[in-house]
*Asks:* 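One structure, as structure tokens, below. Some questions next.
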Amino acid sequence: MGGSAQLIRERVRSHYQVKSPALKMKCLGSEFSNPVGIAAGFDKNGEITNSLIDLGFGFAEIGTVTPYAQEGESKPRLFRLPKDEGMINRLAFNGEGAERVKERMEAMGDVSAPISVNIGKMNQSGPEDAVKDYVKVFETLYDFPDYFVINVSCPNTPEVYDESSPERLAEVFGALQDKNKDKKPIAVKVGPDYNTEDKLTNLSKAIEVAEDQGIKAIVATNTTTDHSGLESKHGQEWGGVSGRPLEQKATETVECIYGLTDLPVIGVGGVDSAESAYKKIRHGATLVQTYTGFVYKGPSLAHEITSGLIDLMERDGYTSIEEVVGVDCKEV
Ligand SMILES: Cc1cc2nc3c(=O)[nH]c(=O)nc-3n(C[C@H](O)[C@H](O)[C@H](O)COP(=O)(O)O)c2cc1C
């Protein structure tokens, strides 16, 4: 990189990154300088990973990466919901495919923060091909991320079969662990829509399967299919809802999972301020991520959240963010 580009990056980092021992978090075998990450979907093809870390995020998730390039849904497929401070998307895994992402990750060099790769299947793959799809991405990109996330919860990809059923999860986790020669941590990303007993039972079974198969964390949550209460013009477009309208549901899911397992939970959904990040952590998230908040608030969001977390911890007498995890969870 040229000298002036390096200088600009250093300026950006010194402006946006907040360094404090109080924000350090150990999780998934890595050390995080702060617990606020960029969620999957923002950097689908690994194009801007270093820049996101320069802007103060403590970690970044690349993907969802599918084995081969895929167009996704036709446009329009992404809508802002300004009155609701949310978004609806039905991108459906548009991306350049694993080989192209591999080239990017090779060129990226060392990233100064933990990174994960979120992996998905091709939209039309049925159960057997799906296992091959996940394995293909996993093997192609194996050497690069600090951990992987398996995405079985996207609400806007075609529902060829129920990917998040315990049986299917067991197959996928098992196939990946068979290829996991260096025992890289693998997490699974779940959705927020557990409005029926059956779905709740499925979530707890999925977590049992995850524990049995050596999965190391749960990412909660993906976008919701619940469009109720949305006031913006595009509120009834089909697709997954993110941002403020998802916040409470996602936090409840984080708390529910925290009560079901000792695995760390990465909380995502409606994080757009220090207060909302703090709330997720108090309700059981070890790390948090944001997407929609970043779209609305812009490049200073990670700085705003990380510096605000330090103030909130000081106010409440905490010296480390690790002490805050789960303090508001109900006893079970
Ligand atoms: C435009 C858009 C694209 C997304 N793409 C992905 C994706 O490829 N893989 C994934 O696991 N989640 C994806 N998500 C979901 C986010 O990672 C996150 O789980 C969700 O948006 C909730 O967080 P937020 O309220 O901070 O946006 C996407 C979200 C949006 C808004």
Side-chain angles (χ1 to χ4, degrees), residues 36-47 52 57 59-66 69-73 75-81 84-98 101 116-123 134 137 145 147-157 163-164 187-193 217-226 230 234 237-254 265-273 276-277 279-280 285 287-298 301-302 305:
V36 184
I38 186 81
F42 200 87
D43 186 19
K44 279 187 190 274
N45 298 298
E47 291 167 282
L52 291 164
F57 286 106
F59 62 112
E61 191 159 319
I62 293 170
T64 294
V65 181
T66 50
Q70 185 171 251
E71 293 281 325
E73 269 296 324
K75 294 180 183 174
R77 56 189 183 179
L78 181 55
F79 305 87
R80 281 199 192 214
L81 310 179
D84 307 292
E85 291 182 60
M87 275 162 57
I88 289 178
N89 92 83
R90 49 174 184 255
L91 297 178
F93 291 178
N94 58 314
E96 296 178 346
V101 175
S116 57
V117 167
N118 175 309
I119 65 183
K121 66 177 191 67
M122 300 300 284
N123 285 334
Y134 291 115
V137 185
Y147 67 99
F148 283 93
V149 179
I150 309 169
N151 183 7
V152 289
S153 52
C154 180
N156 54 63
T157 48
E163 310 168 66
S164 60
V188 61
K189 185 164 180 178
V190 300
D193 298 312
I218 313 289
V219 183
T221 68
N222 218 314
T223 53
T224 175
T225 53
D226 180 1
L230 297 176
H234 295 296
E237 289 284 346
W238 78 269
V241 180
S242 58
R244 282 273 169 89
L246 170 64
E247 185 194 353
Q248 195 182 336
K249 231 178 200 217
T251 305
E252 284 167 8
T253 309
V254 167
V265 187
I266 302 179
V268 49
V271 171
D272 62 357
S273 61
S276 55
K279 191 170 178 188
K280 281 262 185 315
L287 301 167
V288 297
Q289 294 177 311
T290 175
Y291 186 140
T292 305
F294 191 49
V295 170
Y296 277 91
K297 293 226 169 142
L301 183 64
I305 297 179

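Indexing begins at 1, ligand by ligand and atom by atom, following the structure's order. Just so we're clear, the structure is a prediction, and the values are computed from it rather than from any experiment.
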*Asks:* Determine, step by step, whether Val295 and Arg80 satisfy the side-chain contact (heavy atoms from CB on, under 4.5 Å) criterion, reporting the C-alpha distance in whole Å, the side-chain angles of both residues, the deciding distance to 0.1 Å, and the verdict.
*Replies:* CA-CA 9 Å; Val295 170; Arg80 281 199 192 214; 3.4 Å; yes
*Asks:* Can Asn94 and Arg77 be said to form a side-chain contact (heavy atoms from CB on, under 4.5 Å), step by step?
*Replies:* CA-CA 11 Å; Asn94 58 314; Arg77 56 189 183 179; 3.5 Å; yes
*Asks:* Hey, which residues fall under 4.0 Å of ligand 1 on heavy atoms?
*Replies:* Ala39, Ala40, Gly41, Lys44, Gly63, Thr64, Leu78, Met87, Asn89, Leu91, Asn118, Asn151, Lys189, Thr221, Asn222, Thr223, Ser242, Gly243, Leu246, Val268, Gly269, Gly270, Thr290, Tyr291, Thr292
*Asks:* So, using ring-ring contact (aromatic ring centres under 6.0 Å, His included) as the criterion, who are the partners of Tyr134 when residues are at least two apart?
*Replies:* none
*Asks:* Who are the side-chain contact (heavy atoms from CB on, under 4.5 Å) partners of Thr251, not counting sequence neighbours?
*Replies:* Glu247, Lys280, His283
*Asks:* When you look at Phe59 and Gln289, which way does the side-chain contact (heavy atoms from CB on, under 4.5 Å) test go after all the steps?
*Replies:* CA-CA 9 Å; Phe59 62 112; Gln289 294 177 311; 3.6 Å; yes
*Asks:* Can you sort out the partners of Thr157 under side-chain contact (heavy atoms from CB on, under 4.5 Å), two or more places apart, ordered by chain and number?
*Replies:* Ala92, Phe93, Asn123, Cys154, Glu163
